[in-house]
Amino acid sequence: MATLIDNRYGKARVRVLRVFKGPNDYHKVFDFDCRVLLRGAEFSETYLTGDNSKVVATDTMKNTVYVIAQKEEFKSLEEYGILLGKHFLATYSWVNGVEVVMRENQWRRIKTSNGKEQGHSFQRDREIHSVTVTSSRDKSPVVVSGIDDLLIMKTTQSGFEGFHRDKYTSLKETKDRIFATVVTANWTYNTLSVDYSKVFEQFKLSVFDIFAQTYSRSVQETLYLIAKDVITKVPQVEQVHLSLPNKHAFGFDFSRLNIENNQTVFQPVEEPSGLIEGTIKRSHSRL
């Protein structure tokens with residue numbers, strides 16, 4: 001006996017470039033990859049009997065992504081994801097849930113030699129803005145924002161000392177080391193009244209402020225301080241999850257060449273690497 005216990009389906013890798021055109025050729029762009037998945041008990045029939053009468057074709061879903069992108073006004077992909085989920089729930093009564101997952105390329109305005117940012121010319125940044133919006137019937141949408149591939153490095157003000165040692169430990173303690181990482185993070189909200197773009201920029205500022213201005217005694221401490229700073233400065237953020245791989249760069253071994261190492265030449269090592277993760281939640285005082 002076999003039982004279908006869960007199902008969802010949809011369209012993935014829908015590529016969208018939406019341009020909002022303002023006066024004097026001042027444009028705002030959203031360049032993103034979109035995935036839409038639908039849930040519903042009545043979809044089970046197509047799995048169990050091949051009855052497709054309730055199946056919304058994934059091609060229809062793809063077209064809807066473009067239609068809503070053109071039809072609706074939105075200031076962030078979080079807002080767009082909410083609108084898209086609302087559309088599917090309103091249009092198809094048998095759909096119980098919608099998950100919209102997006103990854104947005106970041107385009108920064110080009111600044112020319114006159115010092116002015118151009119309204120319609122852009123340069124792409126490395127980091128990715130990630131968004132997941134989960135919409136369910138008769139419930140408020142759940143929005144999760146995030147960032148991927150934010151590569152940062154500092155060449156001092158980081159150490160690692162006092163860690164546990166045993167017979168398998170070979171790592172030397174240090175007060176001064178290269179600290180490089182690729183920030184991957186996501187955060188949840190306690191309200192839908194949010195300026196999502198502003199929060200995204202504040203998250204990056206918290207990363208830069210803590211990373212650059214605080215001596216790091218461990219990657220773990222830096223991770224916690226970043227999340228704490230975000231939660232302190234953005235009251236709408238409820239929880240932050242961070243993943244920080246330690247992109248090692250060790251001092252090159254000059255001793256075999258009878259040359260003194262003056263700690264200015266390093267050898268980056270891709271593998272293996274440390275991986276530090278943590279989830280920090282807002283504390284709510286009890287009366």
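Proximity of a side-chain donor or acceptor of T169 to a complementary backbone N or O of D166 within less than 3.5 Å is detected. Here the side chain of Q157 pairs no donor or acceptor atom with the backbone of S216 at under 3.5 angstrom. Formation of a donor-acceptor pair under 3.5 Å by the R103 side chain with backbone atoms of F32 is not found in this model. Checking side-chain atoms of S76 against main-chain N and O of E79 turns up a donor-acceptor pair under 3.5 Å. Judged by distance alone, the side chain of D33 and the main-chain N or O of V16 form no donor-acceptor pair under 3.5 Å. For T60 (side chain) and V56 (main-chain N/O), no donor-acceptor pair under 3.5 Å exists by modelled atom type. Here the side chain of D125 pairs no donor or acceptor atom with the backbone of E127 at under 3.5 angstrom. With hydrogens and angles ignored, the 3.5 Å screen pairs no side-chain donor or acceptor of R282 with any backbone N or O of Q239. With hydrogens and angles disregarded, a donor-acceptor distance shorter than 3.5 Å links the side chain of H248 to the backbone of G274. Between the side chain of S136 and the main chain of K139, no donor-acceptor pair closer than 3.5 Å is present.
Annotation: side chain of V207 is not in contact with side chain of I210 (no heavy-atom distance under 4.5 Å). Within the 4.5 Å cutoff, no side-chain heavy atoms of F179 are placed close to those of T155. Residues V100 and V65 have side chains not in contact (no heavy-atom distance under 4.5 Å, counting atoms from C-beta outward). In this structure, the side chains of K204 and I147 come closer than 4.5 Å at one or more pairs of heavy atoms. Looking at K172 and T174, their side chains never come closer than 4.5 Å, going by heavy atoms from C-beta outward. Two residues are said to be in side-chain contact when any heavy atoms from C-beta on lie closer than 4.5 Å; V36 and L84 meet this criterion. The shortest distance between side-chain heavy atoms of S135 and L89 falls below 4.5 Å. Put simply, the side chain of K54 does not reach to within 4.5 Å of the side chain of E45, judged on heavy atoms.
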Q. Hey, mind stepping through L244 and V183 against side chain to side chain contact (heavy atoms under 4.5 Å, CB included) and telling me if it holds?
A. CA-CA 5 Å; L244 302 180; V183 178; 3.8 Å; yes
Q: Decide side chain to side chain contact (heavy atoms under 4.5 Å, CB included) for V265 and F254; before the verdict, give the C-alpha distance in whole Å, the side-chain angles of both, and the deciding distance to 0.1 Å.
A: CA-CA 10 Å; V265 176; F254 283 101; 4.1 Å; yes
Q: Determine, stepwise, if the pair E117 / R108 fulfils salt bridge (charged side-chain N to carboxylate O under 4.0 Å, His left out).
A: CA-CA 9 Å; E117 289 187 342; R108 176 163 35 98; over 6 Å; no
Q: Tell me, with the steps shown, if Y196 and K75 meet side chain to side chain contact (heavy atoms under 4.5 Å, CB included).
A: CA-CA 8 Å; Y196 296 103; K75 297 179 180 179; over 6 Å; no
Q | side chain to side chain contact (heavy atoms under 4.5 Å, CB included) between V199 and V237, intermediate numbers included | A | CA-CA 9 Å; V199 174; V237 169; 4.0 Å; yes
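Cluster annotation: L205 is not connected to L223 through the hydrophobic network of ILVMFWY side chains, with a link wherever side-chain heavy atoms come within less than 4.5 Å. Following chains of ILVMFWY side-chain contacts shorter than 4.5 Å, one cannot reach L37 starting from L4, and the two form parts of different hydrophobic clusters. Both V131 and V194 are assigned to one and the same hydrophobic cluster, defined by single-linkage of ILVMFWY side chains at heavy-atom distances under 4.5 Å.
Annotation for P245 and T181: closest pair O-OG1, 2.6 Å, computed over non-hydrogen atoms. E104 approaches V29 most closely through the heavy-atom pair OE2-O, 4.3 Å. Nearest heavy atoms, P268 versus F266: CD-O, 3.6 Å. Scanning all heavy atoms of the two residues, the minimum distance from S206 to D229 falls at OG-OD2, 2.7 Å. Scanning all heavy atoms of the two residues, the minimum distance from R126 to V182 falls at NH2-CG2, 4.5 Å. Residue Y189 comes nearest to S145 through the heavy atom pair OH-OG, 2.6 Å, listed as atom of the first residue, atom of the second, then distance.
The pair E201-K198 fails the salt-bridge criterion, with no side-chain N (NZ, NE, NH1 or NH2) lying under 4.0 Å from an Asp/Glu carboxylate O.
When the options R8, R39, K11 are evaluated for a salt bridge (charged side-chain N to carboxylate O under 4.0 Å, His left out) with E99, the one that passes is R8. None of R109, Q118, H120 except one satisfies the side chain to side chain donor-acceptor pair (under 3.5 Å) rule with Y26; the exception is R109.
Atom CG of N262 has more than 12 neighbouring heavy atoms from other residues, nucleotides or ligands inside a 6.0 Å radius. Within 6.0 Å of NZ in K175 there are 12 or fewer heavy atoms belonging to other residues, nucleotides or ligands.
Looking at T156 and D176, their side chains do bring a donor and an acceptor atom within 3.5 Å of each other. A donor atom on one side chain and an acceptor atom on the other are not found under 3.5 Å apart for T49 and D51.
Atom CD in Q267 sits 6.0 Å away from atom CZ in F252 (nearest 0.5 Å). Taken to the nearest 0.5 Å, the OG atom of S140 stands 9.5 Å off from the CD1 atom of I82. Atom CH2 of W187 is separated from atom OG of S130 by 7.0 Å, given to the nearest 0.5 angstrom. Taking CD1 from I178 and CE from M153, the interatomic distance works out to 6.0 Å, rounded to the nearest 0.5 Å. To the nearest 0.5 Å, atoms CD (E161) and CZ (R177) are separated by 10.0 Å. In this structure, CD on E238 lies 11.5 Å from CD on Q236, to the nearest 0.5 angstrom.
Note: F160 and F163 have parallel aromatic rings, judged against thresholds of 30 and 60 degrees for the angle between ring planes. Taking the six-membered ring for Trp and thresholds of 30 and 60 degrees, Y92 and H87 have ring planes more than 60 degrees apart, a perpendicular arrangement.
Relative to the ring axis of F20, R18 places its NZ or CZ within 45° and under 6.0 Å from the centre. Remark: K28 qualifies as a cation-pi partner of F30 under the 6.0 Å distance and 45° angle criteria applied to the six-membered ring.
The ring of Y9 has its center closer than 6.0 angstrom to the ring center of F43.
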